[in-house]
Peer 1: 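A single structure is presented below for examination.
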Amino acid sequence: MHKIKVEDREFEIFLENETINKRIRLLGIQINVDYEQKCPLFIGVLNGSFLFMADLIKEIDVPCEVAFMRVASYEGTSSSGKVKELIGLPDDIEGRDIIIVEDIVDTGLTLTHILKTIKEKNPSSIKVSSLLLKPAALKYEIEELEYIGFEIPNEFVVGYGLDYNGLGRNLTDIYRATES
Ligand code: 5GP
């Protein structure tokens, strides 16, 4: 089994780049069909989504636009109750078909907040594409979750944009933390 170390933690191979890319090709086909005659605005949630966005967008052949935003959490409160602020959200959302691009949905708290804020700006439609989803961790019902790459167990993963303490985003494959 192919194992690596990121900082102090050991990880084992979970999804190889070829597997990820094959899945992204299928997501692209699905989006091309669903958005025929439309011009979706893809909004990536930084930092984790940058590689997924880059590969996904290469599969899109309808006219489209790409933007990125980030979510900042205010310090000083308990993690689940943190106030989140959206930074860099494009201001031309009204009347647009929005596709939010996420690296991973865990509890769904971040995404729920993003969706609420974007909906207030009156988009024509809004859907979410997340490379990874941990169904067992999900605490919020998110009906906009339409284009999922992989449903994974409730384990910590790193690579392909996802970090561990800021490291590991450059790994081309996705790894999961080993049991130690
Ligand atoms: P949620 O708000 O859905 O609980 O958390 C979403 C965020 O938590 C993701 O955007 C990501 O930054 C982080 N996260 C959740 N699970 C993982 C994981 O397994 N690996 C990494 N690297 N980040 C994760």
Side-chain angles (χ1 to χ4, degrees), residues 14-72 84-152 157 159-163 169-174:
F14 182 46
L15 295 167
E16 289 184 9
N17 189 263
E18 200 187 321
T19 309
I20 297 169
N21 269 308
K22 272 189 194 153
R23 182 70 190 119
I24 292 176
R25 252 172 260 147
L26 293 177
L27 289 178
I29 291 169
Q30 223 183 322
I31 292 172
N32 287 328
V33 170
D34 292 352
Y35 288 81
E36 212 188 334
Q37 310 289 344
K38 291 185 175 161
C39 178
L41 168 57
F42 290 84
I43 303 178
V45 183
L46 291 172
N47 290 327
S49 72
F50 72 106
L51 286 181
F52 176 42
M53 175 72 99
D55 285 338
L56 180 64
I57 217 72
K58 284 183 260 181
E59 304 300 329
I60 301 303
D61 54 28
V62 296
C64 64
E65 290 180 49
V66 181
F68 287 94
M69 48 151 284
R70 65 162 62 236
V71 182
K84 292 175 186 291
E85 188 191 358
L86 273 54
I87 298 173
L89 197 61
D91 46 29
D92 56 348
I93 283 172
E94 188 169 346
R96 299 296 306 270
D97 294 300
I98 306 294
I99 302 176
I100 297 171
V101 178
E102 269 276 23
D103 52 354
I104 187 164
V105 176
D106 189 25
T107 64
L109 177 72
T110 311
L111 189 54
T112 300
H113 184 74
I114 292 170
L115 285 165
K116 184 172 169 282
T117 308
I118 294 184
K119 278 181 195 165
E120 285 164 6
K121 298 184 184 294
N122 298 316
S124 170
S125 70
I126 181 162
K127 295 288 176 193
V128 179
S129 179
S130 183
L131 180 64
L132 304 172
L133 171 69
K134 294 179 180 173
L138 205 58
K139 289 190 186 143
Y140 300 81
E141 201 180 316
I142 304 174
E143 60 183 32
E144 294 86 354
L145 261 175
E146 186 89 13
Y147 309 103
I148 305 296
F150 302 91
E151 294 195 353
I152 65 168
V157 292
Y160 193 74
L162 291 135
D163 75 307
R169 295 192 197 276
N170 54 318
L171 298 164
T172 53
D173 305 317
I174 293 177

Peer 1: State, yes or no, whether a side-chain contact exists between Leu86 and His113 at a heavy-atom distance under 4.5 Å.
Peer 2: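 In short, these two side chains touch, coming nearer than 4.5 Å.
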Peer 1: Measure the shortest side-chain to side-chain distance between Phe52 and Ser129 over non-hydrogen atoms and say whether it is less than 4.5 angstrom.
Peer 2: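 Touching, per the 4.5 Å side-chain cut-off.
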Peer 1: Checking Arg23 side chain against Leu131 main chain: does a donor-acceptor pair fall under 3.5 Å?
Peer 2: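 It does not hold such a pair.
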Peer 1: Are the side chain of Asp103 and the backbone of Asn47 linked by a donor-acceptor contact shorter than 3.5 Å?
Peer 2: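 Absent.
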Peer 1: So which of Ile24, Ile31, Leu27 actually passes side chain to side chain contact (heavy atoms under 4.5 Å, CB included) with Glu59?
Peer 2: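 Checked Ile24, Ile31, Leu27 against Glu59; only one passes side chain to side chain contact (heavy atoms under 4.5 Å, CB included): Ile24.
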Peer 1: Any chance CD of Gln30 has more than 12 other-residue heavy atoms, nucleotides or ligands included, within less than 6.0 Å?
Peer 2: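 More than 12 within 6.0 Å, yes.
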Peer 1: Any idea which heavy atoms bring Phe68 and Phe50 closest together, and the distance?
Peer 2: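 It is CE2-CA, 4.3 Å.
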Peer 1: Measure from the side-chain N and O atoms of Arg96 to the backbone N and O of Cys39, and report whether any donor-acceptor pair falls under 3.5 Å.
Peer 2: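 Yes.
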Peer 1: To the nearest 0.5 Å, how far apart are CZ in Arg169 and CG in Asp163?
Peer 2: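 It is 3.5 Å, given to the nearest 0.5 Å.
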Peer 1: Which residue is it: Ile142, Asp106, Ile148? I am looking for the one with a side chain to side chain contact (heavy atoms under 4.5 Å, CB included) to Leu133.
Peer 2: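 Of the listed residues Ile142, Asp106, Ile148, the side chain to side chain contact (heavy atoms under 4.5 Å, CB included) partner of Leu133 is Ile148.
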Peer 1: Considering all heavy atoms of both residues, which atom of Asn17 and which atom of Asp173 are nearest to each other, and what is their separation?
Peer 2: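 Scanning both residues, the minimum pair turns out to be N-OD1, 2.7 Å.
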Peer 1: Is there side-chain contact between Phe150 and Ile174, with at least one heavy-atom pair below 4.5 Å?
Peer 2: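 No - every pair of side-chain heavy atoms lies 4.5 Å or more apart.
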Peer 1: Looking at every heavy atom in both Phe14 and Ile152, which two are closest together, and how far apart are they?
Peer 2: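 So the two residues come closest at CE2-CG2, 3.5 Å.
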Peer 1: Are the side chains of Lys22 and Leu26 in contact, using a 4.5 Å heavy-atom criterion?
Peer 2: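 No, every pair of side-chain atoms sits at 4.5 Å or beyond.
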Peer 1: Taking C-beta and beyond as the side chain, do Ile20 and Asp55 meet within less than 4.5 Å on heavy atoms?
Peer 2: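 Heavy-atom side-chain distance check fails, nothing below 4.5 Å.
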Peer 1: Looking at side-chain heavy atoms only, is the closest gap between Val62 and Lys38 below 4.5 Å?
Peer 2: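 Contact flag for Val62/Lys38 side chains = no.
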Peer 1: For Ser124 and Gly95, which heavy atoms make the closest approach, and how far apart are they?
Peer 2: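 Heavy atoms only, the tightest pair is CB-O, 3.3 Å.
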Peer 1: So Ile114 and Met69, do their side chains get closer than 4.5 Å, heavy atoms only?
Peer 2: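 Result yes, sub-4.5 Å side-chain heavy-atom pair found.
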Peer 1: Are there over 12 heavy-atom neighbours, none belonging to Glu120, within less than 6.0 Å of that residue's CD?
Peer 2: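 Yes, because the 6.0 Å sphere around CD of Glu120 holds more than 12 heavy atoms from other groups.
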Peer 1: Is there side-chain contact between Ile93 and Ile43, with heavy atoms separated by less than 4.5 Å?
Peer 2: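 Touching, per the 4.5 Å side-chain cut-off.
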